[in-house]
Asker: 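Please read through the structure below; I'll follow up with questions.
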Amino acid sequence: MAAVFLSLPSAPNLPLTARVHAVPRGVFVARASARAPTITAMSEATDAETGGRGRRKMPHVLTVAGSDSGAGAGIQADIKACGALGVYCSSVITAVTAQNTVGVQGVHPVPEEFVAEQLRSVLSDMEVDVVKTGMLPSVGVVKVLCHSLKDFPVRALVVDPVMVSTSGDILSEPSTLAGYRNELFAMADIVTPNLKEASALLGGVSVRTVADMCSAAKSIHNLGPRYVLVKGGDFSDSSDAIDILFDGEECHELYGARIKTRNTHGTGCTLASCIAAELAKGTPMLQAVQAAKAFVETALNYSKDIVMGSGPQGPFDHLFRLKSQNYNVGQKLQFDANDLFLYAVTDSGMNKKWGRSITDAVKASIEGGATIIQLREKDAETRNFVEAAMACMEICRSHGVPLLINDRVDVALACDADGVHVGQSDMPARVVRRLLGPRKIIGVSCKTPAQAEQAWIDGADYIGCGGVFPTTTKENNLTVGLNGLKAVCLASKLPVVAIGGIGPGNARSVMEIGVPNLKGVAVVSALFDRESIVSEAQRLRSALMDASSRARLSV
Ligand SMILES: Cc1ncc(COP(=O)(O)OP(=O)(O)O)c(N)n1
Ligand SMILES: Cc1nc(C(=O)O)sc1CCOP(=O)(O)O
Ligand SMILES: [Mg+2]
């Protein structure tokens, strides 16, 4: 049966004034000249706008894409992904496809004028923050979209240059390529091709290695988008899923786990939608891409054994968070960098020396004012360590103090700790992130600016930098001094806690190096190799408070 599309001369349910007087909102930053996207969240409407009722504006992504009857990809995936991330998603349908897990059985493009009509309906009325594109079946649709975005600017544009379905079916005319290259890319904040799409966009160049991906990303960047994400998911011989993000200056290698499953239909659409959703919430680009990767990885992992359809590629479940307690309960929503203020790191040797249990040491440090605890039990047997960690978790939870585990990701998982601290010779932070998921806290020890940059790329939450002063607690530890600490802080996009030889007598000199992302000090012997942990913690706390009030006065 032939599809019939009604192209009405005017949208009947829009008041005429809305169509005539709709004015761009004037907050367009998609092509602003600044390098980093400084997209700020617009979720609060002002009192004037809401007549004092304090209503909230919801972050809003408009997806311009094709419908997938199997609902694994396309418009359906986009709506589910945005919904899962708490973002409203409206839709302009460019084509209706008949698809299932076997492949694409039919495609009916929507007439260009009707795509334009849908765009006008949504953009003129509904305060879209970010537009995300998927299947754009013809160059005519690309032109219609560019035209609409000029009439109704939005804050960011995410372009997923869908050309061929994962089953190998063609989803856009070859001429669409020219539309992407000549018009749409110049308006885009990010373009997200896979290896085949990157190659097609560049006239068929070979994209087979990480170096090829980086040079392809640079060439696509020359076509106008501010960021290019080349997705390496098609590299079948790697155990990691490596993507390259080029920001106009640097190629960042982003690693993720390759989940073994047939249920991968719609991963590209979902990734781009998650990026769009994060941008709509005000997340900066690199973090938006990392959050999107973590979401897709978690969804694939959760759905890896689902059976649906008889074809080679099944859908996955975007709404896993509604179903699994594990993804919601007991997990921190956001790391508060101010928790690094007085960071107590335990030591089993010192507790033995003073005849204390680990739980007593933790209780006393909280009583004295510690704001975060790390269990650093180098000699503990695994069973004892897990038991002690569970008991400490209860104490810390009841006081609202985060508890991290040093080195041992297995122990952290076993006791549902708030996070893990790792050093340069421990498990890499990107692997820890994969194991712990997006919501746990990860700290990384860094002695150089390069290590700090890598920790940020790997998805860490904070940096521990030291040894600031010589220490006997950690053997053969390199002392970086106050200058080394300052260099790391200045280079780091993450908050920093200083460590090594710090106590009440010198904490002020550390905090007074005067860099805003230095958030506190981490100490071992100054608390745990002393007779009274409570009073030493109190002394340290007042030295730190003193330093921060002096810093506030001198501003
Ligand atoms: C807050 C904090 N910073 C640095 C370290 C040191 O970690 P690492 O280099 O892995 O050394 P060990 O602690 O494992 O000996 C830390 N633990 N905490
Ligand atoms: C565990 C640790 N990490 C360090 C680093 O430089 O990364 S220094 C250190 C030991 C800190 O103990 P104290 O407070 O007793 O000096
Ligand atoms: Mg370590």
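We use all heavy atoms of the structure for the numbers below, so side chains are in, but hydrogens, waters and symmetry mates are not. Just follow the structure's listing: the first ligand is 1, and inside any ligand the first atom is 1. Quick note: residue numbers are just sequence positions, from 1.
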Asker: Any side-chain heavy atom of Arg433 sitting closer than 4.5 Å to one from Asp458?
Answerer: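 When only atoms from C-beta onward are counted, Asp458 and Arg433 do not touch, as no gap falls below 4.5 Å.
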
Asker: Ignoring hydrogens and angles, tell me if any N or O in the side chain of Gln290 forms a donor-acceptor pair with the backbone of Ile457 under 3.5 Å.
Answerer: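 Yes: the side chain of Gln290 pairs with the backbone of Ile457.
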
Asker: Out of all atoms in ligand 2, which are within 4.0 Å of some heavy atom of Thr471? Include the element for each.
Answerer: 12 (O), 13 (P), 15 (O), 16 (O)

Asker: Identify, by atom number and element, the atoms of ligand 2 in contact range of Ser525, meaning under 4.0 Å from any of its heavy atoms.
Answerer: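 Counting from 1, the qualifying ligand atoms are 13 (P), 14 (O), 15 (O).
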
Asker: Are Lys519 and Asn338 side-chain neighbours, meaning at least one heavy-atom pair lies under 4.5 Å?
Answerer: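 They are in contact (side-chain heavy atoms under 4.5 Å apart), so the answer is yes.
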
Asker: To which of Met350, Lys378, Arg376 does the heavy atom nearest atom 1 (C) of ligand 2 belong?
Answerer: Arg376

Asker: What do you reckon, does Ala522 have a nitrogen or oxygen under 3.5 Å from a nitrogen or oxygen of ligand 2?
Answerer: no

Asker: Considering non-hydrogen atoms of the protein only, which is the closest contact for atom 7 (O) of ligand 2, and what is the distance?
Answerer: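 The closest one turns out to be Ile499 CG2, 3.8 Å.
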
Asker: Side chains of Leu375 and Leu403: does their closest heavy-atom pair fall under 4.5 Å?
Answerer: yes

Asker: Between ligand 2 and Ser445, is the shortest N or O to N or O distance under 3.5 Å?
Answerer: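 No, Ser445 has no N/O under 3.5 Å of an N/O on ligand 2.
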
Asker: Among all protein non-hydrogen atoms, which one is nearest to atom 3 (N) of ligand 2, and what is the separation to 0.1 Å?
Answerer: Lys474 CD, 3.4 Å

Asker: Taking only heavy atoms of Val523 into account, list the atoms of ligand 2 that are under 4.0 Å away from them.
Answerer: 14 (O)

Asker: Would you say ligand 2 has an N or O under 3.5 Å from any N or O of Val524?
Answerer: yes

Asker: If you take the nearest heavy atom of each of Ile502, Thr473, Thr479, which one is closest to atom 10 (C) of ligand 2?
Answerer: Thr473

Asker: At distances under 2.8 Å, what protein N, O or S atoms surround the Mg ion (ligand 3)?
Answerer: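 Short answer, with waters excluded from the count: Asp407 OD1, Asp426 OD2.
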
Asker: Does the pair Thr209 and Asp212 meet the rule for a side chain to side chain donor-acceptor pair (under 3.5 Å), with working shown?
Answerer: CA-CA 5 Å; Thr209 63; Asp212 292 345; 3.3 Å; yes

Asker: Considering residues, nucleotides and ligands other than Lys196, do more than 12 of their heavy atoms fall under 6.0 Å from its NZ?
Answerer: no

Asker: Using a distance-only test with no angle check, is there a side-chain donor-acceptor pair under 3.5 angstrom linking Asn517 and Lys493?
Answerer: no

Asker: Does Asn483 form a side chain to side chain donor-acceptor pair (under 3.5 Å) with Lys486? I'd like the steps, not just the answer.
Answerer: CA-CA 5 Å; Asn483 288 339; Lys486 192 164 183 174; over 6 Å; no

Asker: Hey, does Ala526 sit under 4.0 Å from ligand 2 if you only count heavy atoms?
Answerer: no

Asker: Determine the sole option in Val228, Leu245, Asp247, Leu157 for which the side-chain contact (heavy atoms from CB on, under 4.5 Å) test with Ile190 is passed.
Answerer: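 Going through the options one by one, the only one that passes is Leu245.
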
Asker: Less than 2.5 Å separating the SG atoms of Cys415 and Cys392?
Answerer: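 No, because the SG atoms of Cys415 and Cys392 are not under 2.5 Å apart, which misses the disulfide cut-off.
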
Asker: Quick one, list the residues around ligand 1 where some non-hydrogen atom comes in under 4.0 Å, by chain and residue number.
Answerer: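 Correct list: Tyr343, Gln374, Arg376, Lys378, Asn406, Asp407, His421, Val422, Gly423, Asp426, Ser445, Gly464, Lys474, Val497, Ile499, Ala522.
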
Asker: Please determine whether side chain to side chain donor-acceptor pair (under 3.5 Å) holds for the pair Ser357 and Asp360, giving the CA-CA distance in whole Å, both sets of side-chain angles, and the decisive distance to 0.1 Å.
Answerer: CA-CA 5 Å; Ser357 69; Asp360 285 344; 3.3 Å; yes

Asker: For His318 together with Phe316, are the ring centres under 6.0 Å from each other?
Answerer: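 Here the rings of His318 and Phe316 have centres that are less than 6.0 Å from each other.
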
Asker: Check this for me: Tyr88, atom OH, are more than 12 non-hydrogen atoms of other residues, nucleotides or ligands nearer than 6.0 Å?
Answerer: no

Asker: Look only at interatomic distance and state if Asn477 has a nitrogen or oxygen under 3.5 Å from any nitrogen or oxygen of ligand 2.
Answerer: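 Between Asn477 and ligand 2, an N or O pair is found under 3.5 Å apart.
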
Asker: Would you compute the distance between atom CD of Glu253 and atom CD1 of Ile244 and round it to the nearest 0.5 angstrom?
Answerer: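 Going from the CD atom of Glu253 to the CD1 atom of Ile244 covers 4.5 Å.
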
Asker: What do you reckon, does Leu478 have a nitrogen or oxygen under 3.5 Å from a nitrogen or oxygen of ligand 2?
Answerer: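 Among all N and O atoms of Leu478, none is under 3.5 Å from an N or O of ligand 2.
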
Asker: Of all heavy-atom pairs between Leu435 and Leu413, which one has the smallest distance, and what is that distance?
Answerer: O-CD2, 4.0 Å

Asker: As a quick check of understanding, evaluate side-chain contact (heavy atoms from CB on, under 4.5 Å) for Val61 and Asp78, giving each step before the final call.
Answerer: CA-CA 9 Å; Val61 169; Asp78 298 345; over 6 Å; no

